[in-house]
Amino acid sequence: MVEKLIPFIRIKSFHLLIITLLILIISFPFYEEMKNRINASKLIINMYKSSLESSIYQYKFLPFILSQNQKIVDITTGDLDSVESGYFLQRIKYATNVATVFVQDKSGKTIASSNWDRPDSYIGKNYGFRPYFKAAMAGRLGQFYGVGITSLTPGYFISYGLKSGGEIIGTITIEINLSDLEDVWASGPDEIIVSDVHNIIFLSSNKAWKNKTLGDISARAIDKVDSEKQFVRHLLSPIALSRCYSVGEMTFYSNSKFGCALPGIFSIQEDILDYGWTILSLQSTHYYYALAVLAVLLALLIYGIILFAYRNFRNKYKRSIQKLQNQLVENSKLASIGQMATELAHEFNQPLSAIYMLLDTSRLLLERKLYPQVDENLALVASHIERMTQQISELKSFASRHRISSGNANIVLVANSSIKLFQATLKKSNVQLEFQASHNVIQVPCNDIGLEQIFSNLITNALDAMSNREKKRLLILISKEEGKVQVRVRDNGCGISDPTRIFESYFSTKQRGTGLGLAIIKGIVENSGGSIKAQHHAAGGAEFIIKWREWVDATQVPSEDTI
């Protein structure tokens, strides 16, 4: 079983290797397409990153510039009333296109704002807990992103201290609305997410993801965010993205149906180091799976075409080889017929001479009216003629037959017929022939034409193998046991040099051999459901063993109804 399984595994492995190579070759242009698409996504995410940075950078130094305006300092010192301060800050807002401009005193209380005349005005609100205010009061540029406590809309705050007499007496703060960027991103091909150091999403092309988190965040981070009122605490919850693994710059997220085995989404990210943010571009993997499936299908299609072309070529090649083999067989047969005709001509000389002498004697006996003796002579003439007719009939039968194995025949009868055909050659070569059969009638699933071809080739090979032996011995044994038929043909010749190759086409150990005889025999035996093997016999010489299951005529087997 294992011996039969190993060639099967080898064949399957070879076909699998070819398919794999085809997939690799065909996948190259698809891989380039995927690579170009990913590179395009990288360019897009860099563009988004640049647009976000430029949106902030263009206003980064505006608070410092405004801090140098004396009117804004006067707002802090109370030298400018609230109405005039409000209009002044409104003019700055519209001139610079920011969302809000407001001034805080030392405690963090808003004393003037560009939205002073709106219900959600910042005036009177204390934002002293905000990181941007604390940084500005410390003499630094304050920057902070968070949800407005009053407006509940996200914004980016930039603040700078206001000095009077060398002392910081308040701050000027601008608020930048980045929502316009989200609207632009939403029209693009990818899902865009911007998250902070705590993995909280504060900008996204998918508005449902805003104020959510990428995975779970620690309680400490939540407390810090809550203390700064950066986001609305009760809205912080993870989005439906479960991270699987990362490959290079790409991170894959699980599929709702197949999990991490076939991820449904992958992301490409860029870090915005100046602000501690991360921008991600999310893409569906469906397009790439479609490319992979297309590559596999094309590979299988090409494999099928190659396999079909190969089998078609192989069949044509086999037919050509078969035709050539048949021609060589016929040539070999003609050569054998020529040799047999020579042997028969030699054999016919004696009976013809005897017939001539008997006829001549018979004329003399007729003159003397010795009729009984004439009758004996004519009987001898008839026996010689009958013998010659039988030999000519066998030669004619051999010359007109082809290698066909379908049907059934009595192998014992065919073996006897084949031996008679070679009787003259065996006698001339002084071959001691031993023929034994366990039964007179043994039917096998091969017709008489195929069996004669088998025996004639094996006997011819045996004669060639024993050509240099003084004592030549040929043994043909046919036996039947438990429905199995076995034929052994053994000689005491030179043996077989390579039993593993003896049945290969065109492999021959004879100088003038075609190498087709045993290959033809093997084909006939196997086509009729039998098996053949060659081996060295312990006593010397070659031995061929052929096995069949006994042929049983189903029409002759009685059914249950007739018993």
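None of the values given here were measured: they were computed from a predicted structure.
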In short, Ala409 meets Asn447 closest at the heavy-atom pair CB-C, 3.7 Å
Trp277 vs Ser195, test: side-chain hydrogen bond (donor to acceptor under 3.5 Å, both in side chains). Steps then yes/no.
CA-CA 6 Å; Trp277 299 342; Ser195 60; over 6 Å; no
Donor-acceptor pairs are to be reported for all side-chain atoms of residues 296-317 against protein atoms at under 3.5 Å, with residues two or more places apart or in another chain.
from	atom 1	to	atom 2	distance (Å)
Tyr303	OH	His15	ND1	2.4
Asn315	ND2	Arg311	O	3.1

How would you list, by chain and number, every residue that makes a salt bridge (charged side-chain N to carboxylate O under 4.0 Å, His left out) with Arg243, sequence neighbours excluded?
none
Lys42 meets the side-chain hydrogen bond (donor to acceptor under 3.5 Å, both in side chains) criterion, sequence neighbours left out, with Glu249
Taking side chain as C-beta onward, heavy atoms only, is Ile385 less than 4.5 Å from Ile355?
yes
Ser50 (side chain) donor-acceptor with Asn46 (main chain) under 3.5 angstrom
yes
Tell me, please, which residues at least two apart from Gln373 pass side-chain hydrogen bond (donor to acceptor under 3.5 Å, both in side chains).
none
Could you tell me whether the side chain of Tyr371 reaches within less than 4.5 Å of the side chain of Leu365, counting heavy atoms only?
no
Heavy-atom side-chain contact between Lys533 and Phe544 under 4.5 Å:
no
When rounded to the nearest 0.5 angstrom, what distance separates OG in Ser267 from CD1 in Ile193?
8.5 Å
Partner set under side chain to side chain contact (heavy atoms under 4.5 Å, CB included) for Gln486, not counting sequence neighbours:
Ser479, Arg488, Ile545, Lys547
To the nearest 0.5 Å, what is the distance between CG on Leu463 and CZ on Phe422?
7.0 Å
Side chain to side chain, Leu458 and Thr460, heavy atoms closer than 4.5 Å:
no
Euclidean distance, Leu426 CG relative to Ile459 CD1, rounded to 0.5 Å:
6.5 Å
Minimum side-chain heavy-atom gap Phe252-Ser246 below 4.5 Å:
no
Here the gap from Glu452 atom CD to Cys446 atom SG, rounded to the nearest 0.5 Å, amounts to 10.5 Å
Listed by chain and number, what are the salt bridge (charged side-chain N to carboxylate O under 4.0 Å, His left out) partners of Lys472, not counting sequence neighbours?
none
Can a donor-acceptor pair be found between the side chains of Tyr48 and Ser281 at a distance below 3.5 Å?
no
What heavy-atom pair brings Trp548 and Gly529 nearest, and what distance separates the two atoms?
CD1-C, 4.3 Å
Counterpart residues, side-chain hydrogen bond (donor to acceptor under 3.5 Å, both in side chains), relative to Ser418 (two or more places apart):
none
Interatomic spacing from CZ in Arg490 to CG in Leu474 - rounded to 0.5 Å
10.0 Å
Salt bridge (charged side-chain N to carboxylate O under 4.0 Å, His left out) against Glu526, all qualifying residues, sequence neighbours excluded:
Lys522
Test of understanding: with side chain to side chain contact (heavy atoms under 4.5 Å, CB included), list the residues that count as partners of Gln269, not counting sequence neighbours.
Asp271, Thr278, Leu280
Has Ser467 got a side-chain atom pairing as donor or acceptor with Asp464's backbone, closer than 3.5 angstrom?
yes
Tightest non-hydrogen contact, residues Ile201 and Ser204, listed as CG2-CB, 3.9 Å
Compare every heavy atom of Asn206 with every heavy atom of Glu191, then report the nearest pair and how far apart it is.
OE1-CB, 3.4 Å
Is the side chain of Arg469 donor-acceptor paired with the backbone N or O of Asn492 at a distance under 3.5 Å, no angle test?
yes
Applying disulfide bond (SG atoms under 2.5 Å apart) to Cys260 and not counting sequence neighbours gives Cys244
Does any N or O in the side chain of Asn457 come within less than 3.5 Å of the main-chain N or O of Ile521, such that one atom is a donor and the other an acceptor?
no
Do Asn39 and Leu43 have side chains that approach each other closer than 4.5 Å (heavy atoms only, starting at C-beta)?
no
For residues 430-445, run the donor-acceptor check on the side chains, cut-off 3.5 Å, and write out each pair with its distance to 0.1 Å, sequence neighbours left out.
from	atom 1	to	atom 2	distance (Å)
Glu434	OE1	Arg473	NH2	2.7
Glu434	OE2	Gln436	NE2	2.4
Ser438	OG	Lys480	N	3.1
Gln443	OE1	Asn408	ND2	3.1

Nearest 0.5 angstrom please: Gln453 CD to Asp448 CG, how far?
12.0 Å
All side-chain hydrogen bond (donor to acceptor under 3.5 Å, both in side chains) counterparts of His536, not counting sequence neighbours:
none
Given Leu451, which partner from the list Ile546, Asn410, Ile411, Val525 fulfils the side-chain contact (heavy atoms from CB on, under 4.5 Å) test?
Ile411
So do Val487 and Phe455 actually touch side chain to side chain, heavy atoms under 4.5 Å?
yes
